[in-house]
Each structure stands twice: as C-alpha cells, then as structure tokens.
Number of protein chains: 2
Amino acid sequence: MTRVLIDDPADPRLDDVRDLNRSDAADRRLVIAEGPLVVGRLLESRFPVRSIVGFGPKLDALDAPADIPRYEVTRETLAAVAGFDMHRGLLAVADRAPELSVEEILATARTIVVLEGVGDHENIGSMFRNAAGMGVDAILFGNGCGDPLYRRVVRVSMGHVLRLPYAHLDGTYTTWQRSLAQLADAGFHLVSLTPDPEATHLADALAGKEKVALLVGAEGPGLTEHAMRATDVRARIPMAPGTDSLNLATAAAIAFYERERSLR
Amino acid sequence: MTRVLIDDPADPRLDDVRDLNRSDAADRRLVIAEGPLVVGRLLESRFPVRSIVGFGPKLDALDAPADIPRYEVTRETLAAVAGFDMHRGLLAVADRAPELSVEEILATARTIVVLEGVGDHENIGSMFRNAAGMGVDAILFGNGCGDPLYRRVVRVSMGHVLRLPYAHLDGTYTTWQRSLAQLADAGFHLVSLTPDPEATHLADALAGKEKVALLVGAEGPGLTEHAMRATDVRARIPMAPGTDSLNLATAAAIAFYERERSLR
C-alpha cells in the first residue's frame, strides 16, 4: 500500500485537489468526493479512483484497494492546497468514466426522471439523493442542465450521483420531441410536473402506470411548452392559493413518493 | 410620507440593520425582512413595521403605509451598514409581536405540525414555506427548536413564517406527554414521522383522519422515544435499502402532500 506523507502544499501530487473553490478546472476533468461517506461510495463506483488525500486518522479508518495512492496531509497543508478548511479531512479523486446510453437505461428502468434546463447544482444533487432513496431507476438529462459530476452535485447527492444510472439525451441533432418519442416507444407514460392549477392531480396522473417518465423543468420557468406538449399528461401538486411553488427537488420528491405509492 | 436620504453609514437611524451577519442581536429583538416579496409580506402581517431601508428605485416601487419611515441608501452605504452586499436592496424591520396561544390554534386547525428539537434555521424556514403552500394550518414548537423569527428563517420561508400561525408548547413546566395529551383531547390524531422501516406506511397512518398533528424531530436523531410513545402511530416514508434518509423539510413536505391527498 502506497501511503506518502506530504507537507509541501506545492507538491504536484496534490494538484488534483488544488484551489477547489477558486476554479472548477478539476471539476470538469475529474470526479471529487469529499468526506468518508462519499469517498466510500466513490470507491464502490464505476469511476476509477486516482488518489486519496486526507488526515492520518481518516486514512487509517478507510477501507480502500491497496494500489490507490494515499497522500497523508495535515489540516494546514490541505487548507493551503484546497484553498479552504476541509474539516472532514478526506478527499478522493477519480477519472470521469463514460455514462450509460439512453438505450441501456430504458432496457430495464420502470421509473425515470427527465430534466430540462435544470442548471442549479444543489437541485441536481438533491434530486439524485431523493431519487436513489425513493426507487427511481435513472435520471435523463435534456437541454440546458448542469453537470451531474460537478463537485457540489456529488456532495449534495451524498454520492448517489456516483451510483444511480444517468445519461444525456442527445440535444444536438435529436429534437426534444424525438427524444420523448423514444421514451414513449419504450413504453413509458410521460408526465410533466407543473404548478398549473388546471393540470391533473399528481395521484391521478400516475395511477396504474407500469412505466413512468417524470419530466421536471427549472425552478421558476418550469418546463418549456415544447416539452410539455410531447408528454401524455400534465400533473400538479395541489397548492394553497397565494403561496409559492415548491422547491424543485421537493416537488420531485413528492412525485417519487406518489409513484411508489401508486405501485403498492 | 417620510422618506429620508441617508449617506452616513454611522447614522443611528440605520442601527436596526447594522452588522446583520456579525451579530444576531437585532434578530433577537426584531423581525427583519429582506427583498421586495418578503418585505411586502411583513407589511401585510401582524408585526408592526418600524422602518424600511432600501435603494431609491426599490422604495419607489413599494406600496407601504405613509407613516412608516423610509430610509433611502446607496448600495455602498447599505453594504457598509449591514456588513455585506445586499443586492436585493430592500429591508424592512418590525417589532416582534406576541404569538398566538396553543388554544387559539387548536380551536380552528385541522392539520398541524409539531416540531421537537429542530434547531436548523433552514429546515424551519423550508417547513413554513411548504406548510403554507400545502394546507397545513399551524406549526407548534416543542423543546429544543430554533427561533422561528430568526432572519434566516424569515428569508428561507419566503415570509410565510410571518403569515402562518405558530405557537410554542410550554416546555418549562408542562411535560411533553401533557402537551400531546392536550392535542389528543382537542381531537387530533397524533402521527410520528420516522425512518423506521417497521413503522406504518404514511398513507395508512393518515387515512381517514379528521384532524392530524404530525410530529417531526431533528434530522439525524429524529424524534425522541419519549415523544413517539405519546403518539397514536409511527409513520414512515418508504425508502430503498442502503440509501440515506430524506432531508427533514422534504420528508415533512411529503407528509403534507399525503395529508391533502387523504382528504380528497
């Protein structure tokens, strides 16, 4: 087992975790897991881990394959490298790996979420955490969404983005309608989530469906009319008049709950 | 209408909004609303507004009673006073007002939430936002909870903490059991929310109940056994094995949804 004590913050072996807040350069090339729970999930994932950086006791407690380099650092050294105080004291870095194809996902999934224009990393992370917890099989990304492997998404998802299957619908030459037609052809009932009070109650929209694809748009603008027109039904969560629509991840979590409930 | 231009950050008329991040002294005495939406809700609330501070165009756009002093400031002056850049450019400050009594709330409510040990201000704020949006009539605070009028709660709740009734159960000489007995006497069906996989499905726990009090504990420790023993039923939201429990406000929002659904 390779374990090296590093006390020079300029050591190039720490470059993968350098200036994490000041630049997202590493985020774009790599996958970064923070804290023992998420590091453990990265180690169990399909992403090939390049290195592990942490305080001595955190490395002692970690169960990781012997061929992965471990760099032991002090709190001060890690703060100097990362650019902020990482009190959890454990980081792991992996290379990005190809995602599944849409076809592979559709072959086995019964419940999927399709995102359109969801750029907020906190919402994407919460969506993965809740989807994993509540029986959703996969998440598909449509146009204008944020990067699912961004460091903040990995953290907020509690590492579930490393486990739950996801794929990008091809937005460059395939139209939104054609993408959704692919889902319909695979037997999915397409449900738009909308705050529109004229829409169908969520419970009625999901009742008795074998396969469901739930479309969710950005907080604020919501789904485009373009996307909603390509779905079978527009579903609402009942809201009191004069109040604010739910946070996006919360609204989706309610739909995940109703989906599980409809299968009881 | 009193509208005064202030360009000296040391002006004592701005003391209510001084050093908002560095100290919560003002938070304890006062209610602080940030941004046009929440300021509007504070103006419509039972809390007596003392002053409004903002950029010129924000004050121009505001519909407020003429007897409330308005202090016009530049972005630089406001940043110097508040201690950070307030890009929304509008603040209103009110005195705290007595809360409703538990008896007043129980007299008319059909759905209430009871919090135990919920100290996280973001969770409390989200709970108010979701409760207001989804037909919950009031929130009761048990032991060990955070301050519902803390600035961050007001912001995260989008001002709904200023509108939705709430009260504190008296934890000093009344026991938890006696407080819950008061709810049971008022006809409420007491439901504990728990991640325990042995608990009753939420849908079954809420089915066919006229009045419901939903008990929610802190994220992590959850409700005390003490509190759960005093309830009629322990309810769970179904979760996939090996995943993480839901965020507290999300779990509560799902229960609010199921409650509405059970009344359809």
Side-chain angles (χ1 to χ4, degrees), chain A residues 35 37-38 40-41 44 111 122-123 125-137 155-160 163-164 195 197 201-207 219 235-264, chain B residues 35 37-38 40-41 44 111 122-123 125-137 156-160 163-164 193 195 197 201-207 219 235-264:
Chain A
L37 176 74
V38 180
R41 288 177 176 168
E44 290 166 4
T111 306
E122 179 129 3
N123 270 331
S126 299
M127 196 88 68
F128 270 95
R129 173 183 171 180
N130 296 338
M134 302 176 81
V136 171
D137 299 308
R155 184 171 69 236
V156 173
S157 80
M158 297 176 83
H160 286 294
R163 314 167 102 189
L164 193 77
H201 191 294
L202 180 64
D204 298 326
L206 296 181
E219 203 159 322
R236 72 182 161 85
I237 293 165
M239 298 295 294
T243 59
D244 305 288
S245 64
L246 296 169
N247 160 280
L248 187 66
T250 305
I254 289 171
F256 304 162
Y257 168 79
E258 179 61 50
R259 167 63 172 160
E260 185 278 341
R261 195 184 187 298
S262 76
L263 295 171
R264 287 178 81 200
Chain B
L37 176 74
V38 180
R41 288 177 176 167
E44 290 165 4
T111 306
E122 178 128 4
N123 270 330
S126 299
M127 195 89 67
F128 270 95
R129 173 183 170 180
N130 296 338
M134 302 176 81
V136 171
D137 299 309
V156 173
S157 79
M158 297 176 82
H160 286 294
R163 314 166 103 190
L164 193 77
L193 203 59
H201 192 294
L202 180 64
D204 298 326
L206 295 181
E219 204 158 319
R236 72 182 160 86
I237 293 165
M239 297 295 293
T243 58
D244 305 287
S245 65
L246 296 168
N247 160 281
L248 187 66
T250 305
I254 289 172
F256 304 162
Y257 168 80
E258 180 60 51
R259 168 61 172 161
E260 186 279 341
R261 194 183 188 300
S262 75
L263 295 171
R264 288 178 80 202

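Letters A, B, ... mirror the listed sequences (proteins, then strands); counts begin at 1.
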Show the nearest heavy-atom pair for residues A:Ala240 and B:Ala132, with the distance to one decimal.
CB-O, 3.5 Å
Among B:His201, B:Met158, B:Met239, which residue has the highest count of heavy-atom pairs closer than 4.5 Å to chain A?
B:His201
As an exercise, state the distance from CG of B:Asn130 to CD1 of A:Ile254, rounded to the nearest 0.5 Å.
7.0 Å
Do B:Leu202 and A:Arg261 come within less than 4.5 Å of each other through their side chains, counting heavy atoms only?
no
When every non-hydrogen atom of A:Ala203 is compared with those of B:Arg264, the smallest separation belongs to CB-NH1, 3.6 Å
A:Thr250 side chain reached by B:Arg129 side chain, heavy atoms, under 4.5 Å
no
Given side chains that start at C-beta, do those of B:Ile237 and A:Glu260 come closer than 4.5 Å, heavy atoms only?
no
